[in-house]
Amino acid sequence: QVQLMESGGGSVQAGGSLRLSCAASTTSGDTCVAWFRQAPGKDREGIANVYFGDGLARYHASVRGRFILSPNRAKNTADLQMSNLTPEDTAIYYCASRPRGLMSFCSLSQSLYESWGQGTQVTVST
């Protein structure tokens with residue numbers, strides 16, 4: 001099973017930026033990496049994913065235009081650049097990975113992901 005580790009979380013004021021990194025023990029051209037987050041009292045939600053085969057990233061509407069997900073096959077990382085943060089972005093952020101396999105595209109459904117990191121806290125204050 002792939003080992004994943006998130007880093008880069010912290011506290012920032014509204015309007016600020018943070019860069020999260022997801023380091024995987026291994027990736028391939030068929031790897032999907034997704035970022036999820038779980039805010040206090042809420043369900044975990046998928047916010048972005050990327051397919052290492054073509055570098056194409058997809059975003060949930062809540063972060064589109066503010067977050068950019070960039071894969072690095074050589075480093076086995078998938079970094080999430082977050083800008084224009086708001087208090088609503090406060091959550092524990094997790095990355096997950098799986099092979100795309102027979103799927104037509106990478107999913108944002110957490111039930112489909114096999115390997116998970118431990119999470120990193122992001123806190124945005126007013």
Side-chain angles (χ1 to χ4, degrees):
Q1 192 172 14
V2 176
Q3 305 298 315
L4 299 169
M5 180 175 292
E6 304 93 342
S7 62
S11 298
V12 65
Q13 288 190 324
S17 300
L18 278 176
R19 187 177 183 89
L20 305 183
S21 185
C22 174
S25 56
T26 184
T27 62
S28 75
D30 195 46
T31 295
C32 294
V33 170
W35 280 91
F36 297 81
R37 67 185 181 185
Q38 187 165 20
K42 295 187 177 181
D43 293 334
R44 187 159 54 184
E45 63 173 352
I47 57 172
N49 64 25
V50 67
Y51 180 53
F52 273 58
D54 58 15
L56 180 64
R58 300 170 185 263
Y59 303 91
H60 187 272
S62 63
V63 305
R64 192 176 298 128
R66 299 188 299 124
F67 291 10
I68 299 173
L69 179 53
S70 302
N72 188 317
R73 175 84 185 274
K75 295 182 178 179
N76 291 331
T77 59
D79 290 357
L80 186 66
Q81 177 67 45
M82 308 186 296
S83 303
N84 196 20
L85 288 162
T86 73
E88 288 68 38
D89 295 313
T90 294
I92 300 175
Y93 285 70
Y94 302 88
C95 66
S97 77
R98 63 155 291 155
R100 193 178 76 172
L102 297 179
M103 297 191 299
S104 298
F105 53 87
C106 295
S107 172
L108 277 179
S109 175
Q110 58 180 311
S111 65
L112 296 180
Y113 282 86
E114 304 164 348
S115 301
W116 290 82
Q118 294 299 308
T120 185
Q121 176 71 47
V122 171
T123 302
V124 184
S125 59
T126 56

Residues at least two apart in sequence or cross-chain that pass salt bridge (charged side-chain N to carboxylate O under 4.0 Å, His left out) with R64, listed by chain then number, are none
Mind checking what makes side chain to side chain contact (heavy atoms under 4.5 Å, CB included) contact with A23, not counting sequence neighbours? T77
Closest heavy-atom pair and its distance - T126, P87: CG2-CG, 3.5 Å
Distance from S25 atom OG to L4 atom CG, nearest 0.5 Å? 6.5 Å
Step through the shown structure and confirm whether more than 12 heavy atoms of other residues, nucleotides or ligands are within 6.0 Å of CG on D43. no
Over all atoms of both residues, closest heavy-atom pair of A24 and V2: CB-CG1, 4.1 Å
Only pairs at least two apart or in different chains count here, so list each disulfide bond (SG atoms under 2.5 Å apart) that has a residue in residues 51-103. C22-C95
With rounding to the nearest 0.5 angstrom, report the OG to CG distance, S70 to L80. 8.5 Å
If you round to the nearest 0.5 Å, how far is CD of Q81 from CG of L69? 11.0 Å
Applying the 4.5 Å side-chain criterion to the ILVMFWY set and letting contacts propagate, would Y93 and V12 be lumped into a single cluster? yes
Here the pair of heavy atoms bringing V50 nearest to A78 is CG1-CB, 4.5 Å
Connected via hydrophobic side-chain network under 4.5 Å: M5 and V122: no
Of all residues at least two apart in sequence or in a different chain, which pass the side chain to side chain contact (heavy atoms under 4.5 Å, CB included) check with R58? N49, L56, F105
Show the nearest heavy-atom pair for residues A34 and L108, with the distance to one decimal. CB-CD2, 4.4 Å
Test of understanding: with side chain to side chain contact (heavy atoms under 4.5 Å, CB included), list the residues that count as partners of T31, not counting sequence neighbours. T27, S28, V33, F52, S97
So do the side chains of K75 and S21 get within less than 4.5 Å of each other, counting heavy atoms only? no
Compare all side-chain heavy atoms of D89 with those of F67 and state whether any distance is below 4.5 angstrom. yes
Sort and list the pairs that fulfil side chain to side chain donor-acceptor pair (under 3.5 Å) and have at least one residue in residues 101-115, not counting sequence neighbours. R44-Q110, S109-S111
For residues 3-13, pull every pair meeting side chain to side chain donor-acceptor pair (under 3.5 Å), keeping only residues two or more places apart or in separate chains. none
Applying side-chain hydrogen bond (donor to acceptor under 3.5 Å, both in side chains) to Y94 and not counting sequence neighbours gives none
Report the residues that fulfil salt bridge (charged side-chain N to carboxylate O under 4.0 Å, His left out) with D79, sequence neighbours left out, ordered by chain and then residue number. R19
Selection residues 22-35 - residue pairs positive for salt bridge (Lys or Arg N to Asp or Glu O under 4.0 Å), sequence neighbours left out: none
When rounded to the nearest 0.5 angstrom, what is the spacing between CE in M103 and SG in C32? 4.5 Å
Qualifying salt bridge (Lys or Arg N to Asp or Glu O under 4.0 Å) pairs with a residue from residues 93-109, counting only residues at least two apart or across chains: none
My understanding is that only residues two or more places apart in sequence, or in another chain, count here; which of them pass side chain to side chain contact (heavy atoms under 4.5 Å, CB included) with Q121? T90, I92, T123
Measuring from M82:CE to I47:CD1, what's the distance to the nearest 0.5 Å? 7.5 Å
Do W116 and F36 make the cut of ring centroids closer than 6.0 angstrom? yes
